[in-house]
Amino acid sequence: MKHYTSIHDIDNIDTWIEEAKSLKSNPLKHKELGRNKTLGLLFFNSSLRTRLSTQKAALNLGMDPIVMNVSGDAWGIEFGDGTVMDGNTAEHIKEAAAVVSQYCDIIAVRAFPTLTDKAKDESEQVLKSFIEFASVPTVNMESATGHPLQGLTDAITISEHAKVARPRVVLSWAPHVKALPHAVANSFVQAMHKMDVEFVIANPEGYNLNPQITGDTVVYHNQEEAFKDADFVYTKNWSSFEDYGKVKNTDPNWMITKEKLGNAKFMHCLPVRRNLVVEDAVLDTDSSLVIQQANNRTFAAQLVLKKLLENL
Amino acid sequence: MKHYTSIHDIDNIDTWIEEAKSLKSNPLKHKELGRNKTLGLLFFNSSLRTRLSTQKAALNLGMDPIVMNVSGDAWGIEFGDGTVMDGNTAEHIKEAAAVVSQYCDIIAVRAFPTLTDKAKDESEQVLKSFIEFASVPTVNMESATGHPLQGLTDAITISEHAKVARPRVVLSWAPHVKALPHAVANSFVQAMHKMDVEFVIANPEGYNLNPQITGDTVVYHNQEEAFKDADFVYTKNWSSFEDYGKVKNTDPNWMITKEKLGNAKFMHCLPVRRNLVVEDAVLDTDSSLVIQQANNRTFAAQLVLKKLLENL
Amino acid sequence: MKHYTSIHDIDNIDTWIEEAKSLKSNPLKHKELGRNKTLGLLFFNSSLRTRLSTQKAALNLGMDPIVMNVSGDAWGIEFGDGTVMDGNTAEHIKEAAAVVSQYCDIIAVRAFPTLTDKAKDESEQVLKSFIEFASVPTVNMESATGHPLQGLTDAITISEHAKVARPRVVLSWAPHVKALPHAVANSFVQAMHKMDVEFVIANPEGYNLNPQITGDTVVYHNQEEAFKDADFVYTKNWSSFEDYGKVKNTDPNWMITKEKLGNAKFMHCLPVRRNLVVEDAVLDTDSSLVIQQANNRTFAAQLVLKKLLENL
């Protein structure tokens with residue numbers, strides 16, 4: 001593995017999960033592996049969990065993390081090919097990525113989608129530019145269409161908490177007031193496709209995810225039906241994919257409640273808006289695995305960094 | 001001590017002062033204590049001294065500091081109980097505090113008061129929420145009503161510079177153009193109450209601090225009278241407590257001058273506005289202890305972190 | 001050397017270049033030198049290369065870097081002498097510099113010029129204030145009139161890539177849409193004056209640099225003539241010095257092209273605006289040394305920090 005850009009970079013999710021659990025049981029075992037190596041964390045967008053957990057993962061491996069908020073700390077980056085740069089951008093990604101590669105042994109990048117320009121978002125311009133123009137490995141800390149550190153985290157968490165051999169896992173849309181990306185949902189779908197689970201999706205009409213990603217996964221438009229016999233309900237809002245980036249539905253009936261959940265475990269990548277996406281009664285009880293997921297973010301990142309370091 | 005939230009957490013200020021002096025004389029003695037432990041520094045507000053000195057203290061103990069500007073780096077945090085989060089806040093403190101606890105062994109938080117809502121400020125919502133919802137120790141890096149790292153610093157500095165057994169210490173209000181918090185003054189009062197000093201306060205009428213904090217401390221409304229035979233004049237502006245958060249007085253006669261000061265030492269937590277709060281002639285001579293105070297911030301923080309680390 | 005403020009602080013550029021090359025061949029050789037020492041990086045302005053390369057240099061020497069965006073993380077700093085601080089500035093540089101010195105063993109500062117007030121810019125108020133009021137060494141990470149870490153970098157890069165004993169080096173102005181500082185150009189001129197090179201400058205009329213800096217360097221107003229037999233073309237835009245800070249010329253004929261360049265190597269400090277300052281055909285071929293320059297930023301900074309550490 002040269003870069004970690006999507007769930008597709010995981011060759012065998014079962015062995016990855018086992019290795020992540022092993023790191024979790026002894027986080028400092030590979031403290032010498034990253035000694036005198038720097039991880040550059042470049043944020044084009046806000047971050048809390050990813051910012052902290054990826055730094056923690058780097059520290060566990062003995063690496064020195066260097067954090068940059070690209071927009072606030074530096075200036076506008078140009079991605080266009082052949083652009084006459086007489087506007088607002090001051091540095092081309094060709095230089096920026098090559099330059100950061102001079103100081104960092106691994107580069108981790110967060111860059112959200114526009115949610116207004118589907119073609120641009122699907123092209124993954126920022127992430128792909130780093131892969132093309134950086135001379136060191138790139139880690140996706142959430143791009144326009146994927147959040148594979150989260151997807152790997154979720155796979156680990158399901159594996160830890162599954163009580164049956166082949167659990168039923170539901171990815172459920174829930175209402176939100178803002179237009180949110182598809183990245184987390186996409187990577188979760190891809191991760192579930194690699195695991196031995198009974199995986200289905202629940203979302204309102206008009207909210208089907210990219211069919212190239214969901215493939216032949218069963219999609220329910222009736223949440224109650226989907227939740228029947230569920231072991232895990234992974235919840236996430238996303239904006240419409242078909243009517244790209246639009247908020248077409250905020251139906252409160254899709255909020256996750258304790259009653260709907262039954263005995264299933266609740267999962268969410270966070271941040272989550274209480275009493276809009278999910279009611280307090282879920283989050284405040286041990287139906288919820290959200291903090292355990294947050295904890296596993298460290299070990300997902302640590303596993304990815306370890307694999308990249310071993311390959312340097 | 002499970003958290004360091006106020007001067008009340010200091011069981012014996014004399015032994016704390018001695019231990020801080022000992023750390024100062026050998027700052028790297030406990031470099032192994034914090035090895036592989038992270039300190040998360042969360043700033044809801046600006047900071048220079050606290051930001052740098054607390055990082056330095058952590059480094060002296062071998063810890064890895066991770067800094068976050070909560071508003072700039074992440075998003076709005078919700079503190080209300082049961083709120084339907086369909087507004088501007090994107091993550092509830094219940095999740096945020098629990099999540100940060102997954103990556104940090106100790107959390108340090110700065111969150112200033114509103115100065116418009118007395119009840120809310122007195123409730124110490126942000127600090128108390130971290131204590132309630134984080135699963136690791138919390139350090140107050142200045143909250144709505146207290147700045148106990150500063151108060152401890154000031155106690156250490158007075159102990160270092162006292163030339164008599166029981167020095168006379170005056171806390172004096174001074175003019176300012178903006179409405180400032182009571183936090184530094186409150187913690188200074190509480191620290192002086194724990195020390196063997198002759199402690200009085202000087203402030204204009206209408207500027208008495210919270211009587212629950214000042215207790216039976218003598219309050220002068222005549223600055224000259226208060227300064228008589230003073231060994232230390234600790235200066236700080238604060239907005240009115242009675243007429244909460246209001247700037248009712250900017251009387252330049254309350255500015256600290258070399259003449260008023262006489263042989264007393266001048267102290268201030270900084271930042272200080274020159275020639276408004278205190279004249280250049282004070283700060284530019286060795287009447288002033290402000291830089292020594294700033295230096296002691298490191299050892300106050302280091303002592304607090306050391307005690308929390310030993311208790312993990 | 002007590003501070004590193006300008007190219008004039010380099011006593012012998014040839015031995016400095018050799019030492020930098022030696023550091024580059026073994027970057028971790030002095031890892032113990034900076035152990036338990038902190039480098040404070042204070043940014044009054046944006047930065048990418050300087051931010052990352054100076055941190056990397058510090059880490060190579062075993063130092064702990066602490067980064068602060070002064071404006072975003074703290075508050076307005078007052079530089080005026082005797083000012084009654086009842087306006088927007090909250091802390092005087094006298095305190096700020098002395099305070100930062102309590103926590104950092106070396107302070108590095110970036111502060112750009114106003115480009116509207118020539119006298120103020122020439123006075124180097126921010127940089128000089130740190131030198132005056134800080135009690136530790138100060139490093140110039142680009143000030144109003146100089147960028148000596150870049151100038152040293154450029155000298156190293158030319159030395160590495162020179163194919164003749166005394167190469168012809170041209171500093172060429174190129175067009176830009178914004179008013180840019182003279183700092184990089186000034187430090188490059190000063191560095192070239194210290195090296196055994198045939199050094200000339202090419203710029204449009206009205207764009208002569210400060211004559212006190214350029215001295216008797218030949219200045220061409222005809223770019224083609226200047227480029228004849230050039231080995232290195234160092235390109236940079238700057239605003240007018242005579243008509244201070246004005247953009248009087250954006251003539252696209254001054255853009256650097258592959259054809260103009262011939263066999264010469266292209267150099268630029270970055271960030272560079274493509275197809276405005278220089279065409280893609282230059283940057284995308286091995287005519288360009290810009291990434292090698294960026295790489296050498298680490299070793300220029302490391303050499304400066306090493307010399308300051310050895311002198312502590």
Side-chain angles (χ1 to χ4, degrees), chain A residues 32 34-44 55 58-59 62-109 129-130 132-136, chain C residues 24 27-28 31 41 43 45-60 62-65 67-69 71-73 110 153 175-178 180 250 252 255 268-281 283-284 288 290-299 301:
Chain A
E32 289 308 312
R35 193 72 74 192
N36 298 320
K37 304 273 186 243
T38 52
L39 173 69
L41 297 95
L42 306 187
F43 291 97
F44 287 84
Q55 284 187 74
L59 292 168
M63 298 186 84
D64 295 304
I66 299 182
V67 180
M68 259 195 78
N69 292 330
V70 181
S71 358
D73 294 347
W75 38 71
I77 303 289
E78 176 64 42
F79 292 88
D81 211 25
T83 312
V84 176
M85 289 171 58
D86 55 4
N88 289 321
T89 54
E91 179 146 31
H92 199 282
I93 183 64
K94 289 188 184 183
E95 277 70 57
V99 161
V100 175
S101 307
Q102 306 307 308
Y103 316 126
C104 300
D105 297 282
I106 299 176
I107 300 175
V109 180
S129 296
F130 273 95
E132 185 172 356
F133 301 119
S135 55
V136 299
Chain C
K24 188 174 178 175
L28 301 173
K31 185 93 190 190
L41 296 96
F43 291 97
N45 304 95
S46 297
S47 169
L48 186 149
R49 259 157 298 281
T50 299
R51 183 183 294 267
L52 298 183
S53 63
T54 312
Q55 284 186 74
K56 179 67 181 172
L59 292 168
N60 281 347
M63 300 185 81
D64 295 304
V67 180
M68 258 196 77
N69 293 330
S71 355
D73 295 346
R110 161 162 289 194
T153 296
H176 203 285
V177 286
K178 286 178 64 184
L180 295 193
T250 56
M255 182 175 77
H268 192 284
C269 63
L270 304 182
V272 67
R273 287 176 177 240
R274 285 176 167 249
N275 305 311
L276 176 66
V277 168
V278 54
E279 65 174 5
D280 286 340
L283 287 168
D284 293 338
S288 168
V290 299
I291 303 305
Q292 290 90 328
Q293 287 174 267
N295 182 258
N296 282 334
R297 288 293 308 274
T298 301
F299 307 104

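Letters A, B, ... are given to chains in the order of the sequence lines, protein chains preceding strands, and every chain is numbered from 1.
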Under 4.5 Å from a heavy atom of chain A, the part of [X] involved:
X     : answer
C:R51 : side chain
C:L52 : both
C:L28 : side chain

Using a cut-off of under 4.5 Å for heavy-atom pairs, which of [options] has the most such pairs with chain A?
options                        : answer
C:V67, C:V277, C:V272          : C:V272
C:T250, C:I291, C:L270         : C:I291
C:N275, C:D284, C:L276         : C:N275
C:H176, C:R273, C:R297, C:K178 : C:R273

If I take atom [atom1] from residue [X] and atom [atom2] from residue [Y], how far apart are they, to the nearest 0.5 angstrom?
X      : Y      : atom1 : atom2 : value
A:Q102 : C:T298 : CD    : OG1   : 8.0 Å
A:N36  : C:N60  : CG    : CG    : 7.5 Å
C:D280 : A:K94  : CG    : NZ    : 5.5 Å

For C:A294, is there any backbone N or O sitting under 3.5 Å from a side-chain donor or acceptor partner on A:Y103?
yes
Within the side chain of C:R274, is there an N or O that forms a donor-acceptor pair under 3.5 Å with the backbone of A:D81?
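No; judged by distance alone, with no hydrogens or angles, the pair does not exist.
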Starting from the C-alpha separation in whole Å, work towards a yes-or-no answer on side chain to side chain contact (heavy atoms under 4.5 Å, CB included) for C:V290 and A:V99.
CA-CA 9 Å; C:V290 299; A:V99 161; over 6 Å; no
Measure the shortest side-chain to side-chain distance between A:E91 and C:R49 over non-hydrogen atoms and say whether it is less than 4.5 angstrom.
yes
Would you say the side chain of C:N69 lies within less than 4.5 Å of the side chain of A:N69, judging by non-hydrogen atoms?
no
What are the two closest non-hydrogen atoms of C:P271 and A:A90, and how far apart are they?
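Scanning both residues, the minimum pair turns out to be CB-O, 3.3 Å.
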In terms of heavy-atom pairs under 4.5 Å, which option from A:V100, A:D86, A:V70 contacts chain C the most?
A:D86
Using the rule given for side chain to side chain contact (heavy atoms under 4.5 Å, CB included), can you reason through C:L48 versus A:M68, listing the C-alpha separation, both sets of side-chain angles and the distance that settles it, and then say yes or no?
CA-CA 8 Å; C:L48 186 149; A:M68 259 195 78; 4.2 Å; yes
Quick one: salt bridge (Lys or Arg N to Asp or Glu O under 4.0 Å) partners of C:E279, sequence neighbours excluded?
none
Please state whether the side chain, the backbone, both or neither of A:S101 comes within less than 4.5 Å of a heavy atom of chain C.
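For A:S101, no heavy atom lies under 4.5 Å from chain C.
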